[in-house]
Amino acid sequence: MTEKTIHQPTSALETIRQTRIQKLADLADKGVNPYPYAFDKDADAKFLQDKYKDLPAGEETEDTYSVAGRVMAMRNSGMFIDLMDSTGKIQIFSHKENLDEDTMKILKLIDLGDIIGFTGTIRRTPRGELSIKATSLKVLSKSLLPLPNKQISEEKKEQLKSHTTLTDVETKYRQRYVDLIVNEQTRDTFRKRSLIIQKIREYLTKQGFIEVETPMLHTQASGANARPFITHHNALDMDLTLRIAPELHLKRIMVGGLNEKIFELSRCFRNEGIDTRHNPEFTMIELYQAYVDYNEMMVLTENLVSTVAQEVLGTMKVQYGDNLIDLTPPWDRKTMLGSIKEFTGIDFNDFFTAEEAIAAAKKLHVPVEDTDNWGQVVEKVFEVTVEPTLIQPCHIIDYPREISPLAKIHRDNDRLTERFETRVNGWEIANAFSELTDPIDQRYRFEAQALAKANGDEEAMSYDEDYVTALEYGLPPTGGMGMGIDRLVMLLTNSPTIRDVIMFPTLKNVN
RNA sequence: AGACCAGUGGCGCAGUGGUAGCGCAGAAGACUCUUAAUCUUUUGGUCGUGGGUUCGAAUCCCACCUGGUCUACCA
């Protein structure tokens, strides 16, 4: 247990730690501050590897650089050091001919994991490794705890797939800093996450969207079907909930007419279970565009996701597990009722009562409640019969109105709404509507949800009176779309669990 | 919340009832153009926690803790 190793170190670890603490004293004796304030570095590993890629083996230059990074490997008693910075690795060559006696003594006090700055000239060793022939060094941060294991070069990792440095997932999540130090793949995933978010902002900004911020503390959680976290404001002596979705606030902004296109990219909180695709706090983007309907949102979703994939990965064809997923637009569109009919031969639009629909669902061995309404039954049948088959990107369109209280009634079928959910790899990654703009209808839909809640549906949507008031001032025809960023990152980084794309996933406290 | 699986030095692992082992890391030394450097010697673990069965438990049983996978809720 990692906590135990921190608070009650076993003797092997404590021995290493005490040895290193002694080295702090030895450094102090030599007038070295092991935790200084700054270091004047002027090059990164990758910059040097690129600049001198054609320098022949055995060649030396007069070019002098200062680099800084973490010591990941030492050979020949410190004569060769693999120094890792955030861009890559470069070898440090420390020969007694080039370093004074005091510096050689300091070199002896360096451990794996220490952060050191080196200054010296560029050379390529006879064996072909680009190196800095050190003329001076500066301890930048002394590491007191050992790294999980020796860092191995990428080529060697390829040859020895079984030899990994940190595989214990609990340590990876609880001590992500250690995971980041030793696992290049972890670093790569989170750099890609950052890039994905950057590209989303870039794309939307180019399309004329502006980014806005709405509250995370709500007096009432609404805009989605989920149980909220509840907290308390002391000065106001008032309970607040963490938001489950930003939707209703964003549409208030659309009523206000701040901009025809807005988005918010931020954290939401849902007090639900934790598994490979759910974390209690997760990142979503919601965007709204005036004067368009859900058809436009489908095009936007496809273009946004495929463009981000192209810019981050250099391709729209993404390998996820055993599946090669082609994100090239346009994506398939299937109506919910049509896809159910395709898979079961049954057209639920033929059933005019919940009872008929429930009977049909039971024949298909889909578990339903006798209290379910027509729309809930249709959704459950869809989830069991159709959803698992949807690997390639697909918009499932036209959801039942009972389960879509914020979406506009379908222009051709008043039992349905103009809503779609985008499925990729079997997951819901986006949810979008022609937004419901009619305040009278919105009030009616909230009342239906309130009734469901009164009848025990814990996750029925809360009635937000002020939101209806906002609609009464007039919301233009609007298309809206929400997308789970974590799942998109999972898809684009081939990550099997959401914990691999959330830096510090929610875990139980260890006593 | 339920089912199943896992927990052995800092890390990665072996060990299915009879004296707790290996590799790396650590320490001491050798070696000064190495690449997971190499070579010699060596420290370190009450086997997740607590009970139980047994002459004897890392190993069998029970409970609990933490994690994982699946299922349910959910995105």
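Chain identifiers are assigned alphabetically (A, B, ...) following the order of the sequence lines, protein sequences preceding nucleic acid strands; residue numbering begins at 1 within each chain.
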A.B. asks: Please give the nucleotide sitting opposite B:U42 as a Watson-Crick or G-U wobble pair, both distances under 3.5 Å, or none.
C.D. replies: B:G26
A.B. asks: Any donor-acceptor pair under 3.5 Å joining the side chain of A:E129 to the base of B:U34?
C.D. replies: no
A.B. asks: OP1 or OP2 of B:G67 versus the side-chain N and O atoms of A:R174: is any pair under 4.0 Å?
C.D. replies: yes
A.B. asks: I'd like to know if A:T276 reaches the base of B:U69 with its side chain, counting only an N/O donor and acceptor under 3.5 Å.
C.D. replies: no
A.B. asks: If you check the A:P148 side chain, which of B:C11, B:U69, B:G26 turns out closest?
C.D. replies: B:C11
A.B. asks: To the side chain of A:E170, which of B:G67, B:A75, B:G12 is closest?
C.D. replies: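 Nearest to the side chain of A:E170 among the choices is B:G67.
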A.B. asks: Looking at the base of B:C73, is there any donor atom on it, or on the side chain of A:D275, that sits under 3.5 Å from an acceptor on the other one?
C.D. replies: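 Such a pair is found, so the answer is yes.
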A.B. asks: Closest approach to the side chain of A:R127, judged atom by atom: which nucleotide of B:C11, B:C33, B:U34 is it?
C.D. replies: B:U34
A.B. asks: Can you check the distance between B:U19 and B:U35, where both ends of the measurement are the P atom (answer in whole Å)?
C.D. replies: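 Straight-line distance between the two P atoms is 41 Å.
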A.B. asks: Can you find a donor-acceptor pair, distance only, under 3.5 Å between A:R123 side chain and B:C33 base?
C.D. replies: yes
A.B. asks: Under a 3.5 Å cut-off for both contacts, is B:G9 paired Watson-Crick or G-U wobble with anything, and if yes, with which nucleotide?
C.D. replies: none
A.B. asks: Stacking between A:W427 and the base of B:A75 (centre distance under 5.5 Å, interplanar angle under 30°)?
C.D. replies: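 The base of B:A75 is not stacked with A:W427 (the test needs centres under 5.5 Å and planes under 30°).
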A.B. asks: Check every atom of B:U35, B:A75, B:A27 against the side chain of A:Q91 and return the nucleotide holding the closest atom.
C.D. replies: B:U35
A.B. asks: Using the P atom on both, measure B:G2 against B:A75 and round to a whole Å.
C.D. replies: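 Going atom to atom, P in each nucleotide, I get 23 Å.
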A.B. asks: Partner lookup for B:A1, please. Criteria are Watson-Crick or G-U wobble with both distances under 3.5 angstrom; report none if nothing qualifies.
C.D. replies: B:U71
